[in-house]
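No experiment lies behind these values; they were computed from the predicted model shown.
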Amino acid sequence: MDRFMRRAVELAANNVKEGGQPFGAVLVKDGDIFTEGVNELHKHYDISGHAEMLALRRAQQQLKTNDLSGMIMYASGEPCPMCLSAMYFAGIEQIIYCASVEDAYEAGLEKSKIIYEDLQKPKEARSISMKQMPLTNEQEDPMKLWQERR
């Protein structure tokens, strides 16, 4: 196990000892740790306060950019769908993780596995109801505004 994964796992273990979940993340830039994070759900009651999300936020704030291309995410656990999506949006091209979603499920952390499975279903079969509501004629279309601005 390399030093980056060792650090991610160490962060996760320490987080459990402090009352949090077993997730730690290290974002690596140019061969060095750039930012870190642990799940802080228990501290801030923020469902998006996952280790990977916090490492991404910290890097974006420091660099004043949303583009984190070229960085590598090391995570103690396989990223949940939310974190994985955020990494896609940020331009992360490589993710290295230790425990799998199945490992987390067996440990009693079921959400990621359930969500991954739910996302594979057609929209109408998912556990969350999704309905599209078109714009009315009198509303300004934000998508058209965006296209015009570009």
- prompt: Judged by modelled atom types alone, do Thr65 and Asp67 share a side-chain donor-acceptor pair under 3.5 Å?
  reply: no

message: Restricting to ring pair (Phe, Tyr, Trp, His ring centres under 6.0 Å), what partner residues turn up for Phe4, sequence neighbours left out?
response: Tyr74

Without swapping roles, check the side chain of [X] against the backbone of [Y] for a donor-acceptor pair under 3.5 Å.
{"X": "Asn15", "Y": "Gly20", "result": "no"}
{"X": "Asn39", "Y": "Ala51", "result": "yes"}
{"X": "Asp103", "Y": "Ser100", "result": "yes"}
{"X": "Thr35", "Y": "Ala55", "result": "yes"}

More than 12 foreign heavy atoms under 6.0 Å from [atom1] of [X]: is that the case here?
{"X": "Glu140", "atom1": "CD", "answer": "no"}
{"X": "Leu145", "atom1": "CG", "answer": "yes"}
{"X": "Phe34", "atom1": "CZ", "answer": "yes"}

Could you grab the distance from atom [atom1] of [X] to atom [atom2] of [Y], nearest 0.5 Å is fine?
{"X": "Gln21", "Y": "Lys111", "atom1": "CD", "atom2": "NZ", "answer": "11.0 Å"}
{"X": "Ile128", "Y": "Lys123", "atom1": "CD1", "atom2": "NZ", "answer": "13.5 Å"}
{"X": "Cys83", "Y": "Ile95", "atom1": "SG", "atom2": "CD1", "answer": "9.5 Å"}
{"X": "Lys29", "Y": "Ser69", "atom1": "NZ", "atom2": "OG", "answer": "11.0 Å"}

For the residue pair [X] and [Y], what are the closest heavy atoms and their distance?
{"X": "Asp118", "Y": "Ala125", "value": "OD1-O, 4.4 Å"}
{"X": "Arg57", "Y": "Ser48", "value": "NH2-OG, 2.7 Å"}
{"X": "Met73", "Y": "Glu52", "value": "CE-O, 3.7 Å"}
{"X": "Leu135", "Y": "Pro142", "value": "CD1-CD, 4.3 Å"}
{"X": "Ser112", "Y": "Cys80", "value": "OG-CB, 3.1 Å"}
{"X": "Ala90", "Y": "Gln60", "value": "CB-NE2, 4.0 Å"}

Is there a path from [X] to [Y] through hydrophobic residues (I, L, V, M, F, W, Y) whose side chains come within less than 4.5 Å of each other?
{"X": "Met53", "Y": "Leu41", "value": "no"}
{"X": "Phe23", "Y": "Ile92", "value": "no"}
{"X": "Val101", "Y": "Tyr88", "value": "yes"}
{"X": "Leu11", "Y": "Ile72", "value": "yes"}
{"X": "Met87", "Y": "Met82", "value": "no"}

- request: Would you check if Tyr116 and Leu84 make a side-chain contact, meaning some heavy-atom pair closer than 4.5 Å?
  value: yes

message: Between Leu27 and Leu68, is there a side-chain heavy-atom distance shorter than 4.5 Å?
response: yes

Quick one: do [X] and [Y] make a salt bridge, cutoff under 4.0 Å?
{"X": "Lys113", "Y": "Glu110", "result": "no"}
{"X": "Glu148", "Y": "Lys144", "result": "no"}
{"X": "Arg58", "Y": "Glu40", "result": "yes"}

- request: Using the test salt bridge (Lys or Arg N to Asp or Glu O under 4.0 Å), find all partners of Glu78 that sit at least two apart in sequence or belong to another chain.
  value: none

